[in-house]
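Take a look at the structure set out below.
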Amino acid sequence: MKKRAPLQWILAGIAGMAAAAAYGQTFPSPRAMNPNIGANFLFQGQKTASDPGDGFHVPEAEFSFKSDVDPYFTANMIFSVAETATGAYEISPEEVYADTIAIPRITFRIGKFYSFFGKQNRLHTHAYPFIDAPLISTALFGEGFNPSGIQASALLPLDFFSELTVEGMQNFRTLAHLRTLFDLGDFSTLELGASGVTRWAYGVDATFKFRPTDRGQGRRINLAGEWMSGQLDGFTTLPGPDGLPTRGYVVYGQYEFAQQTYGQYRFDNLISNSQTRHGILLGYAPTEFSVLRLQADRAFATAGPVENRVIAQLNFTIGFHPAHDY
Amino acid sequence: MKQLLVLLMILSASRAQAALKVVASVTDLKSLVQLVGKDQVEVESIGKGTQDPHFIDAKPSFMTRVAKANLVVCIGLGLEDAWLNSVIEGARNPDVRMNAKGYLAVGPKLGPEQIPQGSALSRSQGDVHPEGNPHLLLDPKRYGEAATLVASKLAELDPAHAEFFFKNADGFRKSLEQKTASWKARVVKSGVKRAVTYHRTLDYFLKRMGIELLTVLEPKPGIAPSVNHLSTVIEKMKANGTRLVLVENFFNPDVARKVKELYPEAEVRLVPVSVEGAPEMPAMESVFENLVKAIETAGAKP
């Protein structure tokens, strides 16, 4: 192709602008087509009796890009830069996927994403209810169960919220997940979920939320529990003894006792490996973009000493910050 | 074949006659859609009148409603960003996605004000809205104009009732114009010249009523005021004799009490600023009427 002289380009540009001005058009900022960009990082300080990981850390920074691709797809890419055990940082695609937007009733998701298994597994680190994941989640799924695959999800034609999800993922594993939510009056909801994945894990979860919408009706309350069991090749980091599946549950409660301030309690029970843990957390969020949390826990194992730990975490978000799931 | 055609015609006709299902983001819009669409619409609101519209939970139950909706009506201008999009996405209804035929954001079309200028915009200024102050439905004039926007959209979705929608919208807008004139006359008579609010919620209303907004109680949008900051605001009020403080009733009433404690002469009024913001507020006219009364009672005192 013949190369056009720069002057010609400039003249063509001016002519175009003049034509557009004549029709009263304005040029959108070139940034209008850029994806929504967000970034987030965690700063932590930890103290235990003997853990080599004690002290200050930036355990993770995360970058996210979200935008419609075209009239048919919307895409979301979230990259995590996480500190490894050696202190080096590794970048990995935590979730990179596209969702269909033109098909009614069903959403297809294509890419690498957190599988719809229970509640905890779908969360990014900064959105965990506690600073760390429950014992059972880490034992069963490691850093998180996010294989590549295809997902189809739909709302069932019922009067209450009922979402059915199926996934086909790498190594031809398949997953099914049902999530239902019932309104208990104006202020409270009860969510029930069941998940199952081949080769293999299954679990159930329940969440009660009290969200007063009027002043003087009390403060927000969350009560949640999740039970799961399984042995997932490639993900399970702590198998049960004697080749038995990993099995356990977590329950926690949150109470917002003052504006932007909340207290939490968690009980972890990794039944298969005889480990339990009690934890309390105090959280303060000056805005939705910065959160300070202080967590203390005490872990018990039949083999080994009682372990106490205190962690403080600051969580900062800049740019685009999509709404968290309810 | 002929019977089949007749059947199809009956079916399509009955479909056209079915009421449009509308989900509004907030009660002010629900009420407006109801006034314009009357029996040709079934409308419900996601937010409640007692909720701060910036912070509403994206309850999945709303996804099931939006899934069946023909139209989603919102204010836009970033007001519902934190929750509405995730409800629409979860609904899996392409007809009501942003900018689709069944989506209407009235805010951008009603001349938003206070659009921050320059490149210095940052979150250090608090929860600022780059597209302008979104509380423009509290201006009675703009609320009347929003009725026409709603009518246009309903007419687009249900052309058979276009005339009906526009007639309702026109009637409502005109009656609101008359009432606005009388509200303004009452406000002028009250002698109140300046007021303070908690958040920049009532700017459009006060401007329409000819009242100057001296300042707001929160130091920055979305940031709760400290006692120190309240004292600064009160000094400013005392300096020019401003006594009226309107506190939107979804904000912390402790702040209202604190102001009264620090400045006993202040006329502090906890006011609903949305339809259904209080039990006796079934429509926007009662919200405006109540605001005017709050100003009148503050002005009546010596």
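Proteins get letters first, then strands, A, B, ... in listed order; numbering begins at 1 in each.
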Minimal heavy-atom distance between A:L158 and B:K68, with the atoms involved, is O-NZ, 3.9 Å

Q. Just by distance, do the side chain of B:T50 and the backbone of A:T213 share a donor-acceptor pair under 3.5 Å?
A. yes

NE2 of A:H321 to CG of B:D81, rounded to nearest 0.5 Å, is 12.5 Å

List the steps, then state whether side chain to side chain contact (heavy atoms under 4.5 Å, CB included) holds for B:K48 with A:D186. CA-CA 10 Å; B:K48 291 186 176 295; A:D186 275 348; 3.4 Å; yes

Minimal heavy-atom distance between B:P94 and A:A102, with the atoms involved, is CG-O, 3.4 Å

request  = For atom NZ of B:K21, decide whether the heavy atoms of other residues, nucleotides or ligands shown that lie under 6.0 angstrom number more than 12.
outcome  = no

Does a side-chain N-to-carboxylate-O contact under 4.0 Å join A:R109 and B:E89?
-> no

One should read off an interatomic distance between A:L155 CG and B:M63 CE, to the nearest 0.5 angstrom, of 8.0 Å

Whatever's closer than 4.5 Å to a heavy atom in chain B on A:I318 counts as backbone

Taken to the nearest 0.5 Å, the spacing of A:L156 CG from B:T64 OG1 works out to 11.0 Å

So, the part of B:A100 with a heavy atom under 4.5 Å from chain A: the answer is neither

In short, A:D183 meets B:R65 closest at the heavy-atom pair OD2-NH2, 4.0 Å

| query | Does A:D68 pair with B:R97 as a salt bridge, N-O distance under 4.0 Å? | reply | yes

The interface call for A:E163 against chain B, heavy-atom contacts under 4.5 Å, is side chain

Applying a strict 4.5 Å limit to non-hydrogen atoms, the region of B:I223 in contact with chain A is side chain

Under 4.5 Å to a heavy atom of chain B? For A:I101 that would be both

Whatever's closer than 4.5 Å to a heavy atom in chain B on A:F182 counts as neither

When rounded to the nearest 0.5 Å, the distance separating OG1 of A:T287 from CZ of B:R123 is 8.5 Å

So, the part of A:S153 with a heavy atom under 4.5 Å from chain B: the answer is both

Bottom line for B:A58: the part with an atom under 4.5 Å from chain A's heavy atoms is backbone

Rounded to the nearest 0.5 angstrom, the CZ-CG distance for A:R105 and B:N93 is 8.5 Å

Under a 4.5 Å heavy-atom criterion, the part of residues 104-114 of chain B in contact with chain A comprises none

For B:P60 and A:Y326, the nearest pair of non-hydrogen atoms, with its separation, is CD-CD2, 3.3 Å

Honestly, the part of A:T107 sitting under 4.5 Å from a heavy atom of chain B is both

When the 4.5 angstrom heavy-atom criterion is applied to B:S86 and chain A, the contacting part is side chain

Looking at A:D70, I want to see if its CG is surrounded by more than 12 non-hydrogen atoms of other residues, nucleotides or ligands under 6.0 Å. yes

